[in-house]
Protein chains: 2
Amino acid sequence: MASSSIRDVAARAGVSVGTVSNVLNHPSKVSGPAAERVHAAIRDLGFVRNGAARQLRAGRSSTVGLIVLDVRNPFFTDLARGAEERAAQSGLSVLLGNGDENRDRESTYLDLFEEQGVLGVLISPLGDVTARLERLRARGTAAVLVDRSGDESRFSSVSVDDIAGGRLAVDHLLAQGRRRIAFVGGPFDIRQVADRHRGAELSVGSHPDASLEVVPVPALTVQAGRAAGQSIVRRPAAERPDAVFAANDLIAMGVLQALVMQGGGVRVPGDIALIGYDDIDFASAAVVPLSSVRQPSALIGRTALDILLEEADDPALDARHIVFQPELIVRESTGG
Amino acid sequence: MASSSIRDVAARAGVSVGTVSNVLNHPSKVSGPAAERVHAAIRDLGFVRNGAARQLRAGRSSTVGLIVLDVRNPFFTDLARGAEERAAQSGLSVLLGNGDENRDRESTYLDLFEEQGVLGVLISPLGDVTARLERLRARGTAAVLVDRSGDESRFSSVSVDDIAGGRLAVDHLLAQGRRRIAFVGGPFDIRQVADRHRGAELSVGSHPDASLEVVPVPALTVQAGRAAGQSIVRRPAAERPDAVFAANDLIAMGVLQALVMQGGGVRVPGDIALIGYDDIDFASAAVVPLSSVRQPSALIGRTALDILLEEADDPALDARHIVFQPELIVRESTGG
DNA sequence: CCAGGTCTGTGAACCGTTCCATTCTGTCAT
DNA sequence: ATGACAGAATGGAACGGTTCACAGACCTGG
């Protein structure tokens, strides 16, 4: 209630409102003694700038919004930390919204950020958000797609080549002598999932005696992976794949739990080799250390923020598309 | 640039600005046909409310801020999801700030939320933030401490009894016949760490032949745990503890990696039993499935948000302190 | 036919800041 | 002494909504 405004500060310091504002924003324009008095008044009154008023006048804020697919996926929190780190260097803050693999949530955060007038939006989109982003851009808000190879769009993007990643994973499985590959992943309207699967297809396509099946899951979570793993275990041994490529490490961890712990003695990699994607911190500590495809998560976040800031500065800039290459990490789960 | 204001909408719909505002905020006060025209105008113009202006006038926003200790800790992301879920039910949004076990970051987010005039703040504090929260409250912003048993303070809190949790863990280790317990955790100015350690002390104190040592770590991360684990492995076998209680599962996973994979054949639980804290999703999929102390993370988030909303409604409400009880989860890492 | 009431819709004040044109003060060269 | 000029401080106009007292329009019952 007793929150004081810039007017109160001005009155107490015996200067005008404009001077207080100058102390805060253009200190060089104010003489030493006056600035001193203003600072004292601010301290005494516990004055805090009203961000709403500030932003209303200024037209834009100093925060950027980041919407991730799933905040419980360590890949995204690592990415978020990368972005935050870079933002902090520029005196900006990152507001993290959890899309939760849910279009409504994604849309709600987009609304929120739009209303809040953030400087820019970093988004790892679930569906097609170009229309929404187009509108944002029209109002002067920059947007960069993260973890999405969006060369089709007019928005900059920072991503990892997921097709190459899928290839890398399945080439490795094939090199280990596996032939009946199962891709456990979904939903397929998530671009990363579709791309990783596509990479797997390409790899399998070049081996005439290899086959690829799809075990669909409803979400990229440990729980969903566990369920998929159980469905594999329930099959007669002869009908099981001899290798599983999971769309991400969360799924892979779930599959692993089902195979090794609940499964009737399925051996990994003996009976079924397993490889995940993202190389999260926990992958190497799994019951069978998990092979994976590593993405430079923090670097993606940092890079995306850099691009966002450049575009916020100069909206006329052409869209750029940074694509990082994934890296194969071999551990015991593929019998490396 | 071409962003349209409520005045543009009013002009196009042939009504006054007041009416447009009513359509948006008090639909019952506007007749059908007029509301229709306004909605059409909003659609045509792609009008989006300016949150800053809205909030400036209204004095409060519809977002709550959540500051967590470390966004990479699954415990906190689960908690965040619980809070988000409940917030969504009330048409609110949660902005997630990553304190990153760093006082500056924590403070920066507090500043940000204060300037933004959020409805309330949920915080899992690193240091002593009561002075800051006191000021927030003076300006009409509610605050609830999460994962912190703050009965000493005048702020509501939702937490888990960490002393009981520490007891639970070490009682279990003692029951398994272990006597030389090491507590791996830090920094101790994090209340949860101190409390879990205290619980361990209490437990050990009632067993005359048991001892407790502390292996301090600089942060609650997998990396820090790994380093601590390595330091244990490097000791002569006789000087190693026969059980490790890790301050959280991240630490435990790191210790586990060091002991089992890099260590010279240290067996878990054969040589050293290991128990963590939080029971994150990954704990059960660890190389040796990890015993842990489970906290109802999502429930904590939901409850904290409920309390926050009640206090935001009625600031005169007395502070409440909800304390949940932790639950022991026994898996192989303690030879259960 | 009019007093009184209910609905709709109006218009202007206001929120707290920033920005800018303007005024004031003092210094200095002419 | 005066005009020019720089630096410091001022005052008021935005910014884009929300709110509220009030005005018309329309109905109803006496």
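Within every chain, numbering begins at 1; the chains are lettered A, B, ... in the order of the sequence lines, protein sequences first and strands thereafter.
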Review item, nucleotides 7-11 of chain C N/O atoms under 3.5 Å of protein N/O:
unit_1: dG9(C); atom_1: OP1; unit_2: Ser31(B); atom_2: OG; d: 2.9
unit_1: dG9(C); atom_1: OP2; unit_2: Ser31(B); atom_2: N; d: 3.0
unit_1: dG9(C); atom_1: OP2; unit_2: Ser31(B); atom_2: OG; d: 3.3
unit_1: dT10(C); atom_1: OP2; unit_2: Ser16(B); atom_2: N; d: 2.7
unit_1: dT10(C); atom_1: OP2; unit_2: Ser16(B); atom_2: OG; d: 3.0
unit_1: dT10(C); atom_1: OP2; unit_2: Thr19(B); atom_2: OG1; d: 2.7

I'd like a list of close polar pairs between nucleotides 13-16 of chain D and the protein, N/O only, cut-off under 3.5 Å.
unit_1: dA14(D); atom_1: N3; unit_2: Arg57(A); atom_2: NH1; d: 3.0
unit_1: dG16(D); atom_1: N7; unit_2: Arg7(B); atom_2: NH2; d: 3.2

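Side-chain N or O atoms of Glu106(A) include none that pairs as donor or acceptor with a backbone N or O of Ile67(A) at under 3.5 Å. Between the side chain of Ser297(B) and the backbone N or O of Leu79(B), no donor-acceptor pair lies under 3.5 Å.
Summarising the geometry, the separation between CD on Gln55(B) and P on dC14(C) is reported as 21 Å, rounded to the nearest angstrom. Between Arg139(B) atom CZ and dG16(C) atom C1' there is a gap of 11 Å when expressed in whole angstrom units.
Using a 4.5 Å cut-off on side-chain heavy atoms (C-beta onward), Phe113(B) and Leu136(B) make no contact. By the 4.5 Å heavy-atom criterion applied to side chains, Ser5(A) and Asn50(A) are not counted as neighbours. In this structure, Leu96(B) and Asn98(A) have side chains that are not in contact, with every pair of non-hydrogen atoms separated by 4.5 Å or more. With a 4.5 Å cut-off on side-chain heavy atoms, Glu101(B) and Pro218(B) do not count as touching. With contacts defined as side-chain heavy-atom distances shorter than 4.5 Å, the pair Phe47(B)/Leu24(B) qualifies. Counting heavy atoms from C-beta outward, Arg154(A) and Leu133(A) have side chains that stay 4.5 Å or more apart. Inter-residue side-chain proximity for Ser159(B) and Leu145(B) is flagged as unmet; no heavy-atom pair is nearer than 4.5 Å. Taking the side chain as every heavy atom from C-beta outward, Val64(A) and Leu305(A) approach each other to under 4.5 Å.
Within a heavy-atom distance below 4.0 Å of DNA chain D, no residue of residues 108-120 of chain B is found.
Of the side-chain N and O atoms in His26(A), none sit less than 4.0 angstrom from OP1 or OP2 of dT18(C).
Note on the helix from dC1(C)-dG30(D) to dT30(C)-dA1(D): terminal axis deviation equals 50°, with five pairs used at each end and the result rounded to 10°.
Partners of Thr63(B) by side chain to side chain donor-acceptor pair (under 3.5 Å), not counting sequence neighbours, listed by chain and number: Ser61(B). Residues satisfying the side chain to side chain donor-acceptor pair (under 3.5 Å) test with Arg302(A), not counting sequence neighbours, are none.
Here Arg191(B) does not pair with Asp147(B) in a salt bridge; the nearest charged N to carboxylate O distance is not below 4.0 Å.
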